[in-house]
Amino acid sequence: MKPLRALATLLALLSAISSQASPDDVMMQAISGQAGEPTGQAVHYFDADPETRGYLALPEGEGPFPAVILIHEWNGLVDRIRQTADAFAAHGYIALAADLYSGRTGSNREENIALVREARSDEATIIANLNAAVNWLETHTPSSGKVATIGWCFGGGIALSYALGGEHHDGTAIFYGSLLDDPERMSHIHHEVYGTFAENDRGIPVEQVDAFVAAMREAGIENDVHIYDSVEHGFWLHTERDPANNRPAAAHAWERLRAYLNRTLDGPDPAETGHEHH
């Protein structure tokens, strides 16, 4: 009977996973390489750098809508980020994908590292870029005035930097980005922080995540941080790299993110919006 009980447990687990985010959810399609061509538009939101080209995706309807600013990975603003922006729009959020590389993208490790180093060497311009994104959303879109930043890899670390030094915003979501463990520096953050990390991330070990959470607790910052087992760095935006492990973890992280945005931005309730957007 033991094998049957084990099978029943496995089936219950799979059922719970599938109920969280169905395969036809537009976000799961986007982060699995199954989305179509991006349908939004390029926008110039940063007057200080005419080469900066962001990407805007708008929900259907008149609004007002809460907004998210997406901060790209180390290779720059590519179609996977644009498709993810489209998915956020389908779920009721104005999505502006920022461009921190002046319109450039990297095509290999060396180019990506060079772009990261160049951007990181001038953090004041990064903060000014994202401040411009916040202001542009307020004046050019039917925004409710509520905005959160969401970043992955390089962008996850930048989202944390922006939480420390940027203009007022209402949420910060970090996907496997570089972290801090100094509660005094983080005391400037006055909103709940979301974090998703990977057990097998060689660049951001579990110990660093634990220290980050401990520092936030000491600073009195509410947080929803989860370390997912059996996945590696980059698992959320690229579930197709290891579908068996990445997709269940990514689906769970997506449901957590939807609930987080609902709490911090007064966004669409995940229980109400369901998966009807296609």
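Both backbone and side-chain heavy atoms feed into the values below; hydrogens, waters and symmetry mates do not.
Applying the ring-ring contact (aromatic ring centres under 6.0 Å, His included) test between H233 and each of Y176, Y228, F175, W152 identifies Y176 as the sole match.
Below 30°, between 30° and 60°, or above 60°: for H226 and H252 the angle between ring planes is between 30° and 60°, a tilted geometry.
Linking ILVMFWY residues whenever their side-chain heavy atoms come closer than 4.5 Å, directly or via other members, leaves F46 and L70 in distinct clusters. In the hydrophobic clustering of ILVMFWY residues, with side-chain heavy atoms under 4.5 Å counting as a link, I150 and V193 come out together. Residue L237 is not grouped with residue V116 when hydrophobic side chains (ILVMFWY) are merged at heavy-atom distances under 4.5 angstrom, including chains of intermediate members. I174 and I158 fall into different hydrophobic clusters, where Ile, Leu, Val, Met, Phe, Trp and Tyr are joined by side-chain heavy atoms under 4.5 Å apart, directly or via other members.
Between the H72 side chain and the L100 main chain, a donor and an acceptor come within less than 3.5 Å of each other. Within the 3.5 Å criterion, the main-chain N or O of F235 finds no donor-acceptor partner in the side chain of T239. Formation of a donor-acceptor pair under 3.5 Å by the N135 side chain with backbone atoms of N131 is found in this model.
Every residue two or more places apart in sequence or in another chain that forms a ring-ring contact (aromatic ring centres under 6.0 Å, His included) with F88 is listed here: W254. Applying the ring-ring contact (aromatic ring centres under 6.0 Å, His included) rule to W74 yields no partners; only residues at least two apart in sequence or on another chain are considered.
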I would like to know whether S144 and E138 meet side-chain contact (heavy atoms from CB on, under 4.5 Å); could you show each step before the answer?
CA-CA 8 Å; S144 67; E138 290 180 354; over 6 Å; no

Assess the residue pair N129 and T52 against the criterion (side-chain contact (heavy atoms from CB on, under 4.5 Å)); give the C-alpha distance rounded to whole Å, side-chain angles, the decisive distance to 0.1 Å, and a yes or no.
CA-CA 9 Å; N129 182 308; T52 294; 4.0 Å; yes

Walk me through it: do S102 and D49 pass the test side chain to side chain donor-acceptor pair (under 3.5 Å)?
CA-CA 7 Å; S102 298; D49 180 8; 2.5 Å; yes

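A donor and an acceptor atom, one from each side chain of R241 and S32, are nowhere located under 3.5 Å apart. For the 3.5 Å distance criterion, the side chains of D99 and Y55 fail to qualify, holding no donor opposite an acceptor. Defined by atom type and a distance below 3.5 Å, a donor-acceptor pair is missing between the side-chain atoms of N245 and S230. If you check the side chains of H238 and E73, you find a donor sitting under 3.5 Å from an acceptor. A donor atom on one side chain and an acceptor atom on the other are found under 3.5 Å apart for H191 and T172.
Residues H190 and H168 place their aromatic rings such that the two centres sit no closer than 6.0 Å.
With a 4.5 Å cut-off on side-chain heavy atoms, P38 and R80 do not count as touching.
Taken to the nearest 0.5 Å, the CG atom of L137 stands 5.0 Å off from the CG atom of L96. One finds the OH atom of Y101 at 10.0 Å from the OG1 atom of T105 (value rounded to the nearest 0.5 Å).
In summary, R217 and E222 do not engage in a salt bridge, as defined by a charged side-chain N under 4.0 Å from a carboxylate O.
Across A173 and A159, no two heavy atoms sit closer than the pair O-CB, 4.1 Å.
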